[in-house]
Amino acid sequence: MAAPGFQLALLSLVIFAVASSAAAAGACSSVTFSSNRVYAACSDLPHLSSSLHWSFDAAAATLSLAFVAPPPKPEGWIAWAINPTADGMIGSQALIAFHQPNGSMGVRTYNITGYGPIAEGAIEFQTSDLAAEYSGGSMRIFGKVKLPAGTTAVKQVWQVGSSVADGVPQQHATEQENLQSKGKLDLIKGAVSVSEISSSRNKNVHGVLNAIIGYGVGVGGWATGLSLGSKSKGIEYTTHRSIGMALFSLATLQVFALFLRPNKDHKYRFYWNIYHHLVGYTVIILGIVNVFEGLDILGVDHKWRAGYIIAICILGGIALFLEVATWIVVLKRKSNGSTKPYGESSSNGVQKPLSV
């Protein structure tokens, strides 16, 4: 008698999930616009509670669009941009809407050439019918953009900020929602892809999994050592045991610190990096020393000690080479930072914030 009830409950759950997904997917389609504006396609963007609505005339290479997003504060701003050269904010040709000095909503164009203060100016694309509205806590940008002939997809960037000073949009927040607000818009298929975000997430998952697996193996070795110690009454290897306890504590601290790592643009990230490197190198050194302690306790043949030393030298050489190579790349990026092509992103795959 329980089977029909279970099947009914399961069917209800499936129907609810499908209905919820359909409602979420169609949220942008329920938006209506003033002045009888109607668009052929729309997409709920993955960040900043925003949506993009558009019609594309392929023959004329003209994109008609409406971008909708809630600014953090009523006196803030919203922006939608096309980056013709890369996938970040730098190099993007932006439309930014905010309350003008007279109180009305307006749209201005900006060619974002750096991370410093921005200035209104002409952009690479011809624009027309630019307008903006503010209603119900959300701002809306309307306009038409003339694209190069043959364009079928564009790299879009969108953003919101909380303030405008003297007619100039001020720096936006540096939360993940802000730093990951970019993607590719397929004008023909009507699809928005955010593969860069997925790639960044996959890298994070890769790093966390490897760190936890390595930590798990270390904890297993530590637990085995405790078990051996409990079975060896009257025999103590104080140095080996103390170093093992220190390694376990530092490794545990290091793993949990990964979940507290500030964003790259956070003011405390520099200090976190110092801590992370110091603890990491300390763990490596103590681990090497403790292996030698273990070899002495076992009284192994000289060949095992020699083999371990050779392995350490090889791994140390590889690590040194990679460290030097990394610093060379970092220093080159810093020296070329002001002349990089528009739209380059930071090393973790997300755009850097506009600053003032």
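From a predicted model like this one, the values you see are computed outputs, not experimental measurements.
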At their closest point, which heavy atom of [X] faces which heavy atom of [Y], and how far apart are they?
X      : Y      : result
Ala251 : Val283 : N-CG2, 4.4 Å
Arg108 : Pro101 : NH2-CD, 4.0 Å
Thr32  : Arg140 : O-NH1, 2.9 Å
Pro169 : Ile96  : CG-CG2, 3.8 Å
Leu95  : Ile141 : O-CD1, 3.4 Å
Val160 : Pro71  : CB-CA, 4.4 Å

Would you say [X]'s side chain and [Y]'s backbone share a donor-acceptor pair under 3.5 angstrom?
X      : Y      : value
Ser162 : Lys73  : no
Asp166 : Val168 : no
Lys144 : Gln126 : no
Glu75  : Val164 : no
His53  : Val68  : no
Ser181 : Asn178 : yes

Does [X] belong to the same Ile/Leu/Val/Met/Phe/Trp/Tyr cluster as [Y], with side-chain heavy atoms less than 4.5 Å apart forming each link?
X      : Y      : value
Phe292 : Val300 : yes
Ile297 : Trp304 : no
Leu278 : Leu260 : no
Leu320 : Ile284 : no
Ile309 : Val291 : yes

Atom [atom1] of [X] and atom [atom2] of [Y]: how far apart are they, to the nearest 0.5 Å?
X      : Y      : atom1 : atom2 : answer
Leu247 : Ile285 : CG    : CD1   : 11.0 Å
Glu124 : Leu147 : CD    : CG    : 11.5 Å
Thr127 : Leu63  : OG1   : CG    : 12.0 Å
Glu177 : Gln159 : CD    : CD    : 10.0 Å
Lys182 : Gln156 : NZ    : CD    : 12.0 Å
Phe67  : Ser138 : CZ    : OG    : 10.0 Å

Any [X] side-chain heavy atom under 4.5 Å of [Y] side chain:
X      : Y      : value
Phe125 : Lys146 : no
Ile288 : Tyr308 : yes
Val145 : Ile123 : no
His99  : Met139 : yes

Problem - Arg37 atom CZ: more than 12 heavy-atom contacts under 6.0 Å - result: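 Check passes, neighbour count above 12.
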
Practice task
Please work out whether the ring planes of Trp272 and Tyr275 are parallel, tilted or perpendicular, with thresholds of 30° and 60°.
Solution key: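 Answer is perpendicular, since the angle exceeds 60°.
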
Practice task
Determine the interplanar angle of the Trp158 and His47 rings, folded into 0 to 90°, and report it as parallel if under 30°, tilted if 30 to 60°, perpendicular if over 60°.
Solution key: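 Rings of Trp158 and His47: parallel, as their planes differ by under 30°.
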
Exercise for the section: Please report the C-alpha distance between Asn111 and Gln93 in whole Å, then the side-chain angles of each, then the deciding distance to 0.1 Å, and finally whether the side-chain hydrogen bond (donor to acceptor under 3.5 Å, both in side chains) criterion is met. Expected result: CA-CA 5 Å; Asn111 179 4; Gln93 309 298 295; 2.9 Å; yes

Exercise for the section: List the steps and the verdict of side chain to side chain contact (heavy atoms under 4.5 Å, CB included) for Gln254 and Leu250. Expected result: CA-CA 6 Å; Gln254 192 80 320; Leu250 291 174; over 6 Å; no

Exercise for the section: Could you walk me through whether Asp129 and Phe142 pass side chain to side chain contact (heavy atoms under 4.5 Å, CB included), step by step? Expected result: CA-CA 7 Å; Asp129 299 337; Phe142 303 102; over 6 Å; no

Practice task
Test Ile318 against Phe321 for side chain to side chain contact (heavy atoms under 4.5 Å, CB included), laying out the working first.
Solution key: CA-CA 5 Å; Ile318 294 173; Phe321 170 77; 5.8 Å; no

